[in-house]
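Each remark here refers to the structure printed beneath this line.
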There are 2 protein chains.
Amino acid sequence: MNHQQPNYDNLSLFQKLQQELARIIEETPAGERLQSEPELAASLGVSRATLREAMRSFEGQGLIRRRQGVGTFVLDHRQNIETGLEVLESIETQAHRVGLDVKMGYLDINKVKSDVDLAKKLGINQDEEAIRVSRVIWVADRPVAFLVDTIIPGILDEKDLSNGFTGSVLDLIIKRGKPELSHSKTEVIASPAPSEIAKKMQIQRGDVLLKLDALLFDKTGRMIDYSQSYFIPGFMKFEVIRSIGK
Amino acid sequence: MNHQQPNYDNLSLFQKLQQELARIIEETPAGERLQSEPELAASLGVSRATLREAMRSFEGQGLIRRRQGVGTFVLDHRQNIETGLEVLESIETQAHRVGLDVKMGYLDINKVKSDVDLAKKLGINQDEEAIRVSRVIWVADRPVAFLVDTIIPGILDEKDLSNGFTGSVLDLIIKRGKPELSHSKTEVIASPAPSEIAKKMQIQRGDVLLKLDALLFDKTGRMIDYSQSYFIPGFMKFEVIRSIGK
DNA sequence: CTTTATCCTATTGTCAGACAAGTAAATTTG
DNA sequence: CAAATTTACTTGTCTGACAATAGGATAAAG
């Protein structure tokens, strides 16, 4: 007899399970106990081993706490899943979730010959031509972000960026489906606004901006995109869950 | 017969396993394959199920990639484990690891009656007295950080902070062992330097600082400490691994 | 000889069932 | 009534199995 479940769509069982679990955790008030592992596993239609693998990842995010002999409890989260820096999503996606309208003002697309620094960062050869997309993002009639993406050759061309481009390179690649994205390594910096950026964001040169410097990787570990994002402080909230080591 | 392993010290099997795995991943060059799960499990003395739980957490951090039918591969990491924001450690601990000397200049300890905002933040009653510790951290003869911790009553007293206090409330509580710490929820902000802080850090008022606003939780989910940390840009690197949702 | 289809093997993905260990409440005992 | 014990339930871990996948080896077809 066959005990296993067939994989009907291309989402892995584990990924679907993660989504389900995230929903359950989110809907459970902080402090309350979850169903026991055998119960949950049964009701979700997976084995306890698979369920436990998924639980680990949520424990690592500080969303639940497990106590042997007692149970698994939901910690105080308040939309960590949505607002946490650890999930990579575009500003558009984040803004839409909270019902805000996002517009793109000023868009500049051009090719840049990569100098030695950029070549090293992106893992391409010097003098290869990368595509650079710069734009200002407006939310609720205020400029809130200035974004610059530098994308390795062969991923996008100008055509992709001309019709129906909403301002998010990330969303564009995700919608395309290839290459399959994995994660980004993001450095967090405080930076005074350079004059060109200050002008486009209608602020003073030297005003304080939060900058996220990110390298985007696909599932094979290849670098796809080097993205620099400048944010007006206070408008968006960036949070991280930091766990005690050991 | 007993198949299980006894728990000799108070580190859980899983936690020890995580440390071992982190070491192995770190020592394996990027792109190379790890031993197969059955081999690794055997050589680490754990079952494959337990090993897989630990693997999941590293996969979630973008450190490894697993491919069914092929194997598990190490991605390009470069000390993510050490410098990543997702692990909570004191500046002292981070600086010591890279061989830098840390000194504390200016230390101020006093009690503050919590107003309505602070009480709400820390989950204590209004007018309860919290302890506030402010200090400047010098590294290599330069002020690099200004730290303010506000700690709920009953955790520390002035005595703890007078003898042998090195500047890190976090390390102090960890060394103590109680309460057992779990994680912090940290907000990342760009902030101009307030004049009092600017003076103590020998910079200009309004200069750009990176600020980390953190709430520290113990394992029961109780808030312990509200910590505000201001950093001179460029000296420390703060990185986050962000994963694609779904 | 080249190309295509098939088989084989190693690897991760998932499962079922078991026992160990910790916790809290109920029960028994003094 | 208080302390000790039992009991029931929970998470932690182990074992051994089979499913699904991918890549190389091998055989068949042209």
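Just so it is clear, the values below take in all heavy atoms, side chains as well, and ignore hydrogens, waters and symmetry mates. Residue numbering restarts at 1 for every chain, and letters A, B, ... go by the order of the sequence lines.
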(Q) Given 3.5 Å as the limit, does a donor-acceptor pair link the side chain of B/S227 with the main chain of B/A214, or not? (A) no
Q: Using atom CZ of A/F73 as one end and atom C1' of D/dT11 as the other, report the distance to the nearest whole Å.
A: 11 Å
Q. Rounded to the nearest Å, what distance is computed from the CG atom of residue B/L44 to the P atom of nucleotide D/dT13?
A. 14 Å
Q: Among B/L147, B/D149, B/I131, find the residue that satisfies the side-chain contact (heavy atoms from CB on, under 4.5 Å) test when tested with B/V169.
A: B/D149
**Q.** Pair A/T166, A/S168: side-chain N/O donor-acceptor within cut-off below 3.5 Å
**A.** no
Q | Atom-to-atom span, CZ of A/R65 to C1' of C/dT23 - whole angstrom | A | 12 Å
Q. Can a salt bridge be assigned to the pair A/E53 and A/R56 using a cut-off of 4.0 Å between side-chain N and carboxylate O?
A. no
**Q.** Check: B/S114 side chain, B/N125 main-chain N or O, donor-acceptor pair, under 3.5 Å
**A.** yes
Q) Is the shortest heavy-atom distance from the side chain of B/I152 to the side chain of B/M223 under 4.5 Å? A) no
Q.
Looking at B/E39 and B/S36, would you say the former's side chain and the latter's main chain have a donor-acceptor pair under 3.5 Å?
A. yes
Q. To the nearest Å, how far apart are B/L40 CG and C/dA10 C1'?
A. 15 Å
Q. Under 4.5 Å between any side-chain heavy atoms of B/V133 and B/F165, yes or no?
A. yes
Q | Spacing between B/E37 atom CD and C/dT14 atom P, to the nearest angstrom | A | 11 Å
**Q.** Contacting residues from residues 47-56 of chain A, given that a heavy atom lies under 4.0 angstrom of DNA chain C
**A.** A/S47, A/R48, A/T50
Q. Does A/T72 have a side-chain nitrogen or oxygen under 4.0 Å from the phosphate oxygens OP1 or OP2 of D/dT10?
A. no
(Q) On the side chain of A/Q68, is there an atom forming a donor-acceptor pair with the base of C/dA21 - under 3.5 Å, no angle test? (A) yes
Q. Nearest-Å distance, CZ (B/R66) to C1' (C/dT14)?
A. 12 Å
Q. Can you find a heavy atom in the side chain of B/F238 that is under 4.5 Å from one in the side chain of B/V188?
A. no
Expected rows: protein N/O vs nucleotides 23-26 of chain D N/O, under 3.5 Å:
{"from": "D/dG23", "atom 1": "OP1", "to": "B/R67", "atom 2": "NH2", "distance (Å)": "3.1"}

